[in-house]
Amino acid sequence: MSPFVLSVPEVVTSHYVIATSEPPVDPYAVVPWRVPEPFRKPAIEALKTPRLGIFTIEAGEATWRLDDVLACDEDRRRVRESSHQILLVHQALTAEQPHREQVARAVARALADATNGVLIDPQARQVLLRDGLARAERGWFRMGDQWFGTRYEVDEAARRPGPAGAAGCACLRVTLLGLRRFGLPNLVIDGVACTQDLPALNLLRAIASRLLTDQWRWCREHPARPTRSLDDHPRIEPDDFWAFWGATPFLDGGPVVTRLAATSTGILEVTPPDGYAGTVADWSREVLAPALPPLVGCPADEDTTHARSAGGGA
């Protein structure tokens, strides 16, 4: 076990795209009053600076790909048939995250509402939902509010179909997208059995939770430092998983020791720790599945309170 050096960029950039057929003449004019508190005042201030830019182009002139984003069929149709795309470009100091990013996404949501558009997060490769308890930005930051998307890549040569071949399957590569807007590399785990994709994904989410929490603490305590030391064998606790969702634990779990390796400037690869004799697929089945709650997602404690007060289930 040994630490490695992780770069901490001073400034990070993010993008949002609104696909619409009702582009506003002046997008800056329709935004401020639509942005909810507590983000309205910082949104008005940001819109007066170069760090938050809004640009409208015809859909046929767009150079970015939107065909592989995670979206329902109706949203895909609306994106395909839209005549224009509004691009929001945002820059912020890493030390000012995540609040600055919440402000930017609140502005993007306001633009989507004003133009009856589909809001796309290109960095997470997904459409942002317009319904549910989290359709407006929270006053606090919850990592599970669609800040991170997933990409699944299948290696057909490593696939072992059927129950008999499940133990030998290692066909799946899972990537957690969206961390780069906060100054961190995206996370990837490779060689996972397709039947064990959920434990692998939940490990990535728990690691992201730990890395983000540590990153923001580092930025507060060491302003303007361009690098920080990162343990290559972090012990990921159950609290890291539940912090991702902003929820109180309601299922048992256990700690997981993993290994992180920087395979490029934009990727951290997650593997079993040194000394584990099996494959990634074995590790996912034998270690990750028993340790990580088998949850695709869960509401925040705040959401549960709101649902009950609105007449939801006890």
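Being a predicted model, the structure only gives us computed values, none of them experimental. In this chain, residues are counted from 1 in sequence order.
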Shortest non-hydrogen separation from [X] to [Y] and the atoms involved:
X: Pro294; Y: Leu198; value: C-CD2, 3.7 Å
X: Pro290; Y: Arg285; value: CD-O, 3.6 Å
X: Asn186; Y: Leu176; value: CB-O, 3.3 Å
X: Leu47; Y: Pro32; value: CD1-CG, 4.3 Å
X: Arg138; Y: Phe39; value: O-CZ, 2.9 Å
X: Cys298; Y: Arg142; value: O-NH1, 3.0 Å

- Query: Centres of the Tyr16 and His90 rings: under 6.0 Å?
  - Reply: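 No, they do not, as the ring centres are separated by 6.0 Å or more.
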- Message: Taking the ring centre of each residue, are Phe141 and Trp216 less than 6.0 Å apart?
- Response: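 Yes, ring centres under 6.0 Å apart.
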- Task: Return yes when atom CD of Glu22 has more than 12 non-hydrogen atoms of other residues, nucleotides or ligands closer than 6.0 Å, and no otherwise.
- Result: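 Count over threshold, so yes.
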Counting only N and O atoms by type, is there a donor-acceptor contact under 3.5 Å from the side chain of [X] to the main-chain atoms of [Y]?
X: Asp197; Y: Val174; result: no
X: Asp282; Y: Thr279; result: yes
X: Asn202; Y: Leu295; result: yes
X: Ser284; Y: Val280; result: no
X: Arg51; Y: Gln91; result: no
X: Thr258; Y: Pro272; result: no
X: Thr94; Y: Pro9; result: yes
X: Gln146; Y: Val127; result: yes
X: Arg78; Y: Ser21; result: no

- Message: Tell me which pairs pass salt bridge (Lys or Arg N to Asp or Glu O under 4.0 Å) where either residue lies in residues 218-229, with sequence neighbours left out.
- Response: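 Matches after skipping sequence neighbours: none remain.
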- Can you run down the salt bridge (Lys or Arg N to Asp or Glu O under 4.0 Å) pairs that involve residues 249-262, sequence neighbours left out, and say none if there aren't any?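 Those involving residues 249-262 are Arg259-Asp274.
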- Query: Do Val11 and Leu88 belong to the same hydrophobic cluster, where Ile, Leu, Val, Met, Phe, Trp and Tyr are linked whenever their side-chain heavy atoms lie under 4.5 Å apart, directly or via other members?
  - Reply: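 Each belongs to a different hydrophobic cluster.
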Just so I know, are the side chains of [X] and [Y] near enough to count as touching, which here means a heavy-atom distance under 4.5 Å?
X: Ile18; Y: Gln85; value: no
X: Leu268; Y: Thr263; value: no
X: Trp64; Y: Val17; value: yes
X: Leu288; Y: Gln196; value: no
X: Ser209; Y: Trp242; value: no
X: Gln97; Y: Leu212; value: no
X: Phe182; Y: Phe148; value: yes
X: Glu137; Y: Arg109; value: yes

- Using the side-chain hydrogen bond (donor to acceptor under 3.5 Å, both in side chains) rule, take Asp301 and Thr248 through it: C-alpha gap first, then chi angles, then the decisive distance, then the call. CA-CA 7 Å; Asp301 291 343; Thr248 300; 2.7 Å; yes
- Task: Hey, can you tell me if His222 and Trp218 have their rings parallel, tilted or perpendicular (30° and 60° cut-offs)?
- Result: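 Aromatic pair His222/Trp218 classed parallel.
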- Under the salt bridge (charged side-chain N to carboxylate O under 4.0 Å, His left out) test, residues paired with Asp68 that sit two or more places apart: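 If we apply the salt bridge (charged side-chain N to carboxylate O under 4.0 Å, His left out) test to Asp68, skipping adjacent residues, the hits are Arg65, Arg125.
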Output yes when [X] and [Y] qualify as a salt bridge under the 4.0 Å nitrogen-oxygen rule, no when they do not.
X: Glu237; Y: Arg235; value: yes
X: Arg181; Y: Asp121; value: yes
X: Arg210; Y: Asp231; value: no
X: Arg105; Y: Glu101; value: no

